[in-house]
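Here is the structure we will look at.
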Amino acid sequence: MFIYNCICVMSDQLTSKAGTITSGEDRFMEWKTKDGKLESKDFADFTTFFEGIFQKERLLDIIKNFICFNNDGFNS
């Protein structure tokens, strides 16, 4: 079930963080911008996180350029 899981999100709708299925909680990070410009906030709110990281072009860029895929041991 988790073979295709590339981004995990944990949120209490006050603080939202993203990581991977193998990341410890201390490795999950906040997303603090909607448009790529640094925002002056201590933490990202729910809307900023989801509209920022899950913008179509940005999410496809993350999947394409920042996730390592390995075919070893899997049948296609």
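Keep in mind that the numbers below use all heavy atoms, side chains included, and drop hydrogens, waters and symmetry copies. Quick caveat: nothing in here was measured; it's all calculated off a predicted structure.
Ser16 and Phe50 make their closest contact through OG-CE1, 4.1 Å (heavy atoms, listed as atom of the first residue, atom of the second, distance). Minimum interatomic distance between Thr48 and Thr33 (heavy atoms only, all atoms of both residues): CG2-N, 3.6 Å. The two residues Cys8 and Phe28 make their nearest non-hydrogen contact at O-CE2, 3.5 Å. Shortest non-hydrogen contact noted between Glu30 and Thr15 is OE2-CG2, 3.5 Å.
In this structure, the side chains of Ile7 and Leu59 come closer than 4.5 Å at one or more pairs of heavy atoms. Put simply, the side chain of Thr20 does not reach to within 4.5 Å of the side chain of Ile67, judged on heavy atoms. A 4.5 Å side-chain heavy-atom check between Met29 and Lys17 finds every atom pair outside the cut-off. Within the 4.5 Å cutoff, side-chain heavy atoms of Thr47 are placed close to those of Lys34.
Between the side chain of Arg27 and the main chain of Thr22, no donor-acceptor pair closer than 3.5 Å is present.
Two different hydrophobic clusters hold Phe49 and Met10 under the rule that ILVMFWY side chains link at heavy-atom gaps under 4.5 Å. Linking ILVMFWY side-chain heavy atoms closer than 4.5 Å, directly or via other members, places Ile62 and Phe54 in a single hydrophobic cluster.
Atom CH2 of Trp31 is separated from atom CD of Gln55 by 9.5 Å, given to the nearest 0.5 angstrom. Atom CD of residue Glu57 and atom NZ of residue Lys64 lie 13.0 Å apart, to the nearest 0.5 angstrom. Put simply, CZ on Phe66 and CG on Asp61 are 5.5 Å apart, with the number rounded to the nearest 0.5 Å.
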